[in-house]
Amino acid sequence: MTTPQKNPAAAGKNDRFSSAGFILAAIGSSVGLGNMWKFPYITGKYGGAAFFLLFIVCLIVIGLPVLLAELAIGRAGRGSAATSFVKAGGSKIFGRLGLLQIIAPFLILTFYVIVAGWTLHYAVQSFSGHLYSNTDFSGQFSGFIGGYMPIVWQVIAIAITGFVVVKGISGGIEKFNKILIPGMIILLIVMMIRAVTLPGAGEGVAFFLKPDFSKLTTESALVALGHAFFSLSLGMGILLTYGAYVDKRQSLGAATIAIGAGDLIYAFVAGLIIFPTTASFGIASDSGPSLVFIALPAAFSAMPFGAFFGGIFFILLAIAALTSAVSLLEVPVSFAMDRWGWSRMKSVLIISVLVLLVGLPSALSFGIVPAFTHMGSKNFFDWLDFIASNILLPVGGLITTLFAGYFWKNAAEAAGLKSAWFRVWLFTLRYIAPILVVLVLLHTTGVIRF
């Protein structure tokens, strides 16, 4: 009989993050595709700079306290996202509830690597110039996702992700993020400079930076809070898992601020790329994913050296997608090692294959298989996204806040907070965060409308 390992780090006795490596890996998990296309989309829809300020408030007041709670639980429990609750001193019911934070990232990863594959494909197509040989960008995108090639790119994306995760924490995830995150910063700066110097870019910058508070509503507040949760990777087990690999000497408070700042800066720079570009070429900034794969290629085709800058943009997206995919895969991998005593190699191989198999219906749900394309109001891909992002993530965040706020006796010591700050943190987790998270859950599932 296989003896379960004591914690996910047991695959390498001293396999832990360094201080800088941990912060970079956590930032890598948060700077995903959502901040590059979802953030501009919802910012454009809900009032520009006013919404951005609201997002900042939600991130600081609610997002960071929950982020700190997840890191503290992970480090105290030294287990997977499911077992850390129990190992930190909680009852077995929290271990069962914690399974939701294993299921959620697994489901997200099944469709996330598909989109990661799209970005890799578009980067190759842009640098080669093939993307711009046909100006019917809508037809190109529909033809691509409606065929079998996305499956090939899906395999490539999960292979890259698995290759990183199988090498462990310090030799894989940390090293990967130490290379890609600085590289991504350079590319972001290049793209931002190019965007803000386009003709007519000033209108987009003004929209992004000049607030119109008359457009703020209760709905926009809930959307801002929901995006703060999503962009920080809360409720999906990532920070609980990464917390298990953090050295006891690491200040979790300082790390929380650094991660939040990284997420905020990325969102800000993404806005300074998207809004000036859309304003310069007369593109609607609230057009969602089609903005990235249809509207922006049209803008790049009309831009001097557009193939080069388009390639940089899609490389940016690919980096954002892959750093997040690595974080998502590590969650079920750490659970498999912790729960069943599997080796890291075995865990990565089995879970990667399952990700591909479960993700196939999503990859085939854009016209090629009608049964997956027409499933009521959504296709299979969109249903999976809806269940994971709108239900499982808020529920996962709610479990964290309730555990840390009401049931965790050693919360102050684990979080490393002094008495005054601890009281503020505890009040937020007990009385503010749960109510707001429930409201977000009810809103995203359509139970309440404003």
Applying ring-ring contact (aromatic ring centres under 6.0 Å, His included) to His121 and not counting sequence neighbours gives Phe144, Trp153
Which residues pass the ring-ring contact (aromatic ring centres under 6.0 Å, His included) test with Phe51, not counting sequence neighbours? Tyr46
With sequence neighbours excluded, tell me which residues meet ring-ring contact (aromatic ring centres under 6.0 Å, His included) with Phe380. Phe372
List the atom pairs, with distances to 0.1 Å, where a side-chain N or O of residues 388-400 and a protein N or O form a donor-acceptor pair under 3.5 Å, not counting sequence neighbours.
{"unit_1": "Ser389", "atom_1": "OG", "unit_2": "Asp385", "atom_2": "O", "d": "3.1"}
{"unit_1": "Ser389", "atom_1": "OG", "unit_2": "Asp385", "atom_2": "OD1", "d": "2.8"}
{"unit_1": "Thr400", "atom_1": "OG1", "unit_2": "Gln101", "atom_2": "NE2", "d": "3.3"}
{"unit_1": "Thr400", "atom_1": "OG1", "unit_2": "Gly396", "atom_2": "O", "d": "3.3"}

Report yes if some heavy atom in the side chain of Met337 is under 4.5 Å from a heavy atom in the side chain of Lys346; otherwise report no. no
Note, Leu68 side chain near Leu417 side chain (heavy atom, < 4.5 Å): yes
Backbone of Gln125 reached by a side-chain donor or acceptor of Ser128 within 3.5 Å: yes
Evaluate the ring planes of Phe386 and Trp383, with Trp represented by its six-membered ring, and classify them as parallel (under 30°), tilted (30 to 60°) or perpendicular (over 60°). perpendicular
If I take atom CZ from residue Phe55 and atom CD1 from residue Ile60, how far apart are they, to the nearest 0.5 angstrom? 10.0 Å
When you measure from the side chain of Asp382 to the backbone N and O of Lys378, does any donor-acceptor pair fall under 3.5 Å? no
Residue among Phe309, Tyr132, Phe313 satisfying ring pair (Phe, Tyr, Trp, His ring centres under 6.0 Å) with Phe300: Phe313
Keeping Ser220 on the side-chain end and Leu216 on the backbone end, is there a donor-acceptor pair under 3.5 Å? no
To the nearest 0.5 Å, how far apart are OG1 in Thr241 and CE in Met236? 11.5 Å
How long is the span from the CD atom in Gln140 to the CD1 atom in Ile145, to the nearest 0.5 Å? 12.5 Å
Are Thr278 and Ile274 close enough that some pair of their side-chain heavy atoms sits under 4.5 Å apart? yes
Sidechain-backbone polar pair: Ser126 side chain, Gly311 backbone, donor-acceptor under 3.5 Å: yes
What distance do Ile257 atom CD1 and Leu67 atom CG have between them, rounded to the nearest 0.5 Å? 11.0 Å
Pick from Phe213, Phe275, Phe39: which one makes a ring pair (Phe, Tyr, Trp, His ring centres under 6.0 Å) with Phe52? Phe39
Output, in order, the C-alpha distance, side-chain angles, deciding distance and verdict of side chain to side chain contact (heavy atoms under 4.5 Å, CB included) for Ile151 and Gln154. CA-CA 5 Å; Ile151 297 175; Gln154 174 191 10; 4.1 Å; yes
To the nearest 0.5 Å, atom CG of Leu225 lies from atom NE2 of His227 at 11.5 Å
Ser334 side-chain N/O to Val331 backbone N/O, donor-acceptor pair under 3.5 Å: yes
Quick one, Thr445 and Leu441 - any side-chain contact, counting heavy atoms below 4.5 Å? yes
Please table the atom pairs, donor to acceptor, closer than 3.5 Å between any side-chain atom in residues 106-116 and protein atoms at least two apart or in another chain.
{"unit_1": "Thr110", "atom_1": "OG1", "unit_2": "Leu107", "atom_2": "O", "d": "2.5"}
{"unit_1": "Tyr112", "atom_1": "OH", "unit_2": "Leu33", "atom_2": "N", "d": "2.9"}

Under 3.5 Å: donor-acceptor pair, side chain of Ser324, backbone of Ala321: no
Would you call Leu322 and Val326 a side-chain contact if the rule is heavy atoms closer than 4.5 Å? no
With sequence neighbours excluded, give me every salt bridge (charged side-chain N to carboxylate O under 4.0 Å, His left out) pair touching residues 234-262. Asp247-Arg249
Pairs in or reaching into residues 158-186: which pass salt bridge (charged side-chain N to carboxylate O under 4.0 Å, His left out), with residues at least two apart or in two chains? Glu174-Lys178
Are more than 12 heavy atoms from other residues, nucleotides or ligands located less than 6.0 Å from atom CZ of Phe163? no
Exam field: side chain Ser80 to backbone Phe335, donor-acceptor pair closer than 3.5 Å: no
Hey, are the side chains of Tyr245 and Ile173 touching, using non-hydrogen atoms and a 4.5 Å cut-off? no
Could you check whether any side-chain heavy atom of Phe314 comes within less than 4.5 Å of a side-chain heavy atom of Leu120, counting everything from C-beta outward? no
On a heavy-atom basis, which atom in Ala318 and which in Thr119 lie closest, and how many Å separate them? CA-OG1, 3.3 Å
If you look at every heavy atom in Leu234 and Gly63, which pair is closest and at what distance? CD1-O, 3.6 Å
Less than 3.5 Å apart, which donor and acceptor atoms pair up between the side chains of residues 183-211 and the rest of the protein, not counting sequence neighbours?
{"unit_1": "Thr197", "atom_1": "OG1", "unit_2": "Ile193", "atom_2": "O", "d": "2.7"}
{"unit_1": "Thr197", "atom_1": "OG1", "unit_2": "Arg194", "atom_2": "O", "d": "3.1"}

Distance-only criterion, 3.5 Å: show the donor-acceptor pairs between side-chain atoms of residues 259-273 and protein atoms not counting sequence neighbours.
{"unit_1": "Asp263", "atom_1": "OD1", "unit_2": "Asn35", "atom_2": "ND2", "d": "3.0"}
{"unit_1": "Asp263", "atom_1": "OD2", "unit_2": "Ser231", "atom_2": "OG", "d": "3.0"}

Hey, could you give me each pair passing ring-ring contact (aromatic ring centres under 6.0 Å, His included) that has a residue in residues 167-202? Not counting sequence neighbours. none
List the residues meeting ring-ring contact (aromatic ring centres under 6.0 Å, His included) with Phe366, not counting sequence neighbours, and say none if there are none. Trp118, Phe381
For the pair Thr256 (side chain) and Leu252 (backbone), establish whether a donor and an acceptor sit closer than 3.5 Å, ignoring hydrogens and angles. yes
Donor-acceptor pair, Asn379 side chain versus His374 backbone, under 3.5 Å? no
With sequence neighbours excluded, tell me which residues meet side-chain contact (heavy atoms from CB on, under 4.5 Å) with Ser327. Ser29, Ile238, Tyr242
Do the non-hydrogen side-chain atoms of Glu330 and Arg344 ever get within less than 4.5 Å of each other? yes
